[in-house]
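Just so you know, these numbers come straight off a predicted model, no measurement behind them.
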Amino acid sequence: MEILKSIGFKKHLMTAISFFLPIVVASGFLLAIGNMMDGVTIESFTDGFSFADTMTTMGGYGLGLLPMIVSCAISYSIADKPGIAPGLITGMTASGIGAGFLGGMVGGYLSGLVVIGLTAGIKVPKWMDGLMPTLVLPFLSSFIGGLVMYYVIGTPINWITEMVTGYLSNLDTSSLFLYGAVIGVLSSIDYGGAINKVVFAFVFALFSEGIYEPITVLILASMVTPFGLSIAYFLGKIIRKNIFNRQEIDTLKTAFPMGICQITEGCFPIVLNDLARNVIATGVGGAVGGGLSMLWGADSRIPASGMFAVATMTRPWAFIGALLAGSFVTGITILLLKKPVDPNAEIIQEEKEEEDISWDDLTIS
């Protein structure tokens, strides 16, 4: 664990996610729209092509670049500009040998650390300082990173990827629900925080290999809290048990539309007022929704965007049904856990005045 902390594993992974997520979403939408219009990948521009074909092809280009993008982003995060060239080349090497997204991610850490090591280890005359970031470091780090990818880590990564994807593709019904429930809990309980991001990296690796169900669970789990709290409010009106104060009710007016777009942060003012009970309700709802989503085969072809991803799914009913089930469970759980409050009551914040310092009690011995 200390080694991972010193490398800054999580920090660099977060940087990579922020880099490639917009590219993936754009590419996924292009591919989905093209596929819905019966587009095919353009093999030769001399044979003619349709508008749908251009959409499908552009989307495929973007998704095909993912190993390079994630490798470059991680390497850049570790080593700054000198890490860009080796990150790109090592990522393309990972893509070329079939190591995919996981290979690109490993290649990014490899490239960045090689650059850092070379920077610390190579001493050059003063007149060569300008050549280090433009010639020496890019060449040597790309050379080393590419060779290590080809001869050392490429084959094991391929083997691991094939083993995991093969295993998940052959899960039985009970296992599907269990895996979906686990992903749902881990994706939801920290409301888009560090645990969610780590799970995202794992399920996105599966997504890049054509297994779409796990990342669909993550999308759903990120929406369970705003949907569930909104359902709790309306159920509370029906059974005459209100659990939200005036400020929290106002928060729901923005939290729900943000939740439609898979933005959980709008719920923070409510969640932080009673963190323990909200985490329990979110975890239970995320488990139920995630398990059903995986069991029913909801399969988003883009890794984010909330309800907008439904248009890319072959089983949109599965996602909507699982989302409603998980949200209702979240809403009912939070209603059972929390005590009723007066919705019109003002929130009184006590402000303690600092006592004046009395110099009369000061003694000098």
Discussion item. For the backbone of F139 and the side chain of S142, can you confirm whether one donor and one acceptor N or O come within less than 3.5 Å of each other?
Written reply: no
Discussion item. Please report whether the ring centroid of F207 lies less than 6.0 Å from that of F202.
Written reply: no
Discussion item. Run the side-chain hydrogen bond (donor to acceptor under 3.5 Å, both in side chains) test on T90 and S111 for me, step by step, so that the C-alpha distance in whole Å, both residues' side-chain angles and the decisive distance to 0.1 Å come before the verdict.
Written reply: CA-CA 7 Å; T90 307; S111 301; 3.0 Å; yes
Worksheet item: Would you say F268 has more than 12 foreign heavy atoms packed within less than 6.0 Å of its CZ?
Response: yes
Discussion item. Tell me the closest heavy-atom pair linking V224 and G286, and the distance in Å.
Written reply: CG1-N, 4.0 Å
Worksheet item: Just by modelled atom types, is the P269 backbone N or O under 3.5 Å from a matching donor or acceptor in the T251 side chain?
Response: no
Item to complete: Could you tell me whether the side chain of I122 reaches within less than 4.5 Å of the side chain of L140, counting heavy atoms only?
Response: yes
Practice prompt. Please work out which of the three classes, parallel, tilted or perpendicular, describes the rings of Y167 and Y179, given edges at 30° and 60°.
Written response: perpendicular
Worksheet entry | Interatomic spacing from CZ in R301 to OG in S27 - rounded to 0.5 Å | 15.0 Å
Fill in: Gap between atom CD1 of I33 and atom OG1 of T312 - 0.5 Å precision
10.0 Å
Fill in: Heavy-atom side-chain proximity of I334 to R277 below 4.5 angstrom
yes
Practice prompt. Would you mind reporting whether T56 and V40 have side-chain heavy atoms less than 4.5 Å apart?
Written response: no
Item to complete: Would you check, one step at a time, whether the test side-chain contact (heavy atoms from CB on, under 4.5 Å) holds for I78 with I116?
Response: CA-CA 8 Å; I78 295 173; I116 294 297; 3.8 Å; yes
Worksheet item: Counting only heavy atoms not in M58, do more than 12 sit closer than 6.0 Å to its CE atom?
Response: yes
Discussion item. Would the distance check show the side chain of Q262 and the main-chain N or O of S222 forming a donor-acceptor pair, the cut-off being under 3.5 Å?
Written reply: no
Discussion item. Quick check against the 3.5 Å criterion: does S75 have a side-chain atom that pairs as donor or acceptor with the backbone of S71?
Written reply: no
Discussion item. Please check: side-chain N/O of S293 versus main-chain N/O of G289, any donor-acceptor pairing under 3.5 Å?
Written reply: no
Discussion item. For F328 together with F227, are the ring centres under 6.0 Å from each other?
Written reply: no
Worksheet item: Does a donor on one side chain sit under 3.5 Å from an acceptor on the other, for S50 and D53?
Response: yes
Fill in: Non-hydrogen atoms of S77 and H12 that approach each other most closely
OG-ND1, 2.6 Å
Response to the item:
In terms of heavy-atom contacts, C267 and A255 come closest through SG-CB, 3.9 Å
Discussion item. Quick check for you: to the nearest 0.5 Å, what is the distance between T161 atom OG1 and L102 atom CG?
Written reply: 4.5 Å
Item to complete: Please answer whether the main-chain N or O of K11 pairs with a side-chain N or O of T15 as donor and acceptor at a distance below 3.5 Å.
Response: yes
Discussion item. With side-chain hydrogen bond (donor to acceptor under 3.5 Å, both in side chains) as the criterion, how do S175 and D172 come out once you've worked through the C-alpha distance, each side chain's angles and the decisive distance to 0.1 Å?
Written reply: CA-CA 5 Å; S175 298; D172 57 27; 2.8 Å; yes
Item to complete: Give the minimum heavy-atom separation between A309 and M313, together with the two atoms involved.
Response: O-CG, 3.6 Å
Worksheet item: For S208 and A205, which heavy atoms make the closest approach, and how far apart are they?
Response: OG-O, 2.7 Å
Worksheet entry | Side chain T155, main chain Y151, donor-acceptor under 3.5 Å | no
Practice prompt. List the steps and the verdict of side-chain contact (heavy atoms from CB on, under 4.5 Å) for F200 and L21.
Written response: CA-CA 11 Å; F200 178 86; L21 188 56; 3.7 Å; yes
Item to complete: Verify side-chain contact (heavy atoms from CB on, under 4.5 Å) between V284 and T330, making sure each step is shown before the conclusion.
Response: CA-CA 6 Å; V284 174; T330 297; over 6 Å; no
Practice prompt. Give me the ring orientation class for F101 and F204: parallel if the planes are under 30° apart, tilted from 30 to 60°, perpendicular past 60°.
Written response: perpendicular
Worksheet item: With no hydrogens and no angle check, is any side-chain donor or acceptor of K338 less than 3.5 Å from a backbone partner on N242?
Response: no
Discussion item. Please check this pair: side chain of N245 against backbone of V341, looking for a donor-acceptor N/O pair closer than 3.5 Å.
Written reply: no
Worksheet entry | Test applied, side-chain hydrogen bond (donor to acceptor under 3.5 Å, both in side chains); reference residue, Y191; option that passes from N196, T225, N278, T282 | T282
Worksheet item: Can you name the nearest heavy-atom pair linking G98 to N158, along with the distance?
Response: O-OD1, 2.5 Å
Discussion item. Can you tell me how far apart CG (D274) and NZ (K339) are? Round to the nearest 0.5 Å.
Written reply: 10.5 Å
